[in-house]
Asker: 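Dropping the structure in here first, questions after.
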Amino acid sequence: MDIFRNILETRPPESIVGMRVQKDIAVDGHKFILDDNTWIGFRVSGMESLIRIYAKFDLQTKLKKLLKTGRDFVYRK
């Protein structure tokens, strides 16, 4: 978990699913604001080996792709 937290702090992504990261809000995790009010957030649990991924996208199919990309990012695929 510390490795992933360190990656978010030192080498945050510049783009996700082809959209440029407009803003990184680092409060209780990292929330990356993308284009058109789309966002993805990562929250590393302090109590257990768990990383939660949250996301908002207007289209369900693109939301699934965004979440898969987030999962791949966590597992460094």
Side-chain angles (χ1 to χ4, degrees):
M1 297 300 126
D2 290 334
I3 292 170
F4 184 71
R5 186 178 286 125
N6 185 43
I7 288 170
L8 289 175
E9 293 293 328
T10 61
R11 297 184 314 261
E14 293 179 11
S15 67
I16 301 172
V17 294
M19 291 188 270
R20 191 170 77 77
V21 173
Q22 304 290 335
K23 188 175 187 181
D24 176 7
I25 301 171
V27 177
D28 198 24
H30 283 265
K31 182 177 182 179
F32 298 103
I33 308 297
L34 309 172
D35 300 326
D36 299 329
N37 293 323
T38 298
W39 58 264
I40 186 166
F42 299 92
R43 185 167 184 266
V44 180
S45 175
M47 303 298 285
E48 52 192 328
S49 293
L50 186 67
I51 298 172
R52 289 182 173 85
I53 303 171
Y54 303 91
K56 178 188 175 247
F57 204 111
D58 291 338
L59 300 171
Q60 185 71 20
T61 55
K62 295 204 177 188
L63 177 62
K64 288 179 183 179
K65 182 178 180 181
L66 182 62
L67 288 171
K68 181 186 179 318
T69 301
R71 191 172 49 248
D72 290 348
F73 179 63
V74 169
Y75 290 109
R76 301 169 55 113
K77 291 184 180 179

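Residue numbers run from 1 in the order of the sequence given.
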Asker: Run the side-chain donor-acceptor check on residues 49-70: report pairs under 3.5 Å with partners two or more places apart or on a different chain.
Answerer:
{"from": "K56", "atom 1": "NZ", "to": "N37", "atom 2": "O", "distance (Å)": "3.4"}
{"from": "K68", "atom 1": "NZ", "to": "D72", "atom 2": "OD2", "distance (Å)": "2.8"}
{"from": "T69", "atom 1": "OG1", "to": "K65", "atom 2": "O", "distance (Å)": "2.9"}

Asker: Should we count CD of E14 as having more than 12 external heavy atoms under 6.0 Å?
Answerer: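 Open: at most 12 neighbouring heavy atoms sit under 6.0 Å from CD of E14.
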Asker: Report the residues that fulfil side chain to side chain donor-acceptor pair (under 3.5 Å) with D28, sequence neighbours left out, ordered by chain and then residue number.
Answerer: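 R43.
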Asker: Counting only pairs under 3.5 Å, give me each side-chain donor-acceptor contact of residues 15-25, with atom names and distances, residues two or more places apart or in other chains.
Answerer:
{"from": "R20", "atom 1": "NH2", "to": "Q22", "atom 2": "OE1", "distance (Å)": "3.1"}
{"from": "Q22", "atom 1": "NE2", "to": "D35", "atom 2": "OD1", "distance (Å)": "2.6"}
{"from": "D24", "atom 1": "OD1", "to": "H30", "atom 2": "ND1", "distance (Å)": "2.9"}
{"from": "D24", "atom 1": "OD2", "to": "H30", "atom 2": "ND1", "distance (Å)": "3.2"}

Asker: Considering only residues two or more places apart or on different chains, which pairs with a residue in residues 3-25 satisfy ring pair (Phe, Tyr, Trp, His ring centres under 6.0 Å)?
Answerer: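 Listed by first then second residue: F4-F42, F4-F73.
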Asker: Mind checking side chain to side chain donor-acceptor pair (under 3.5 Å) for N6 and listing every partner two or more places apart, or none if nothing turns up?
Answerer: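 In terms of side chain to side chain donor-acceptor pair (under 3.5 Å), with neighbours along the sequence ignored, N6 is linked to no residue.
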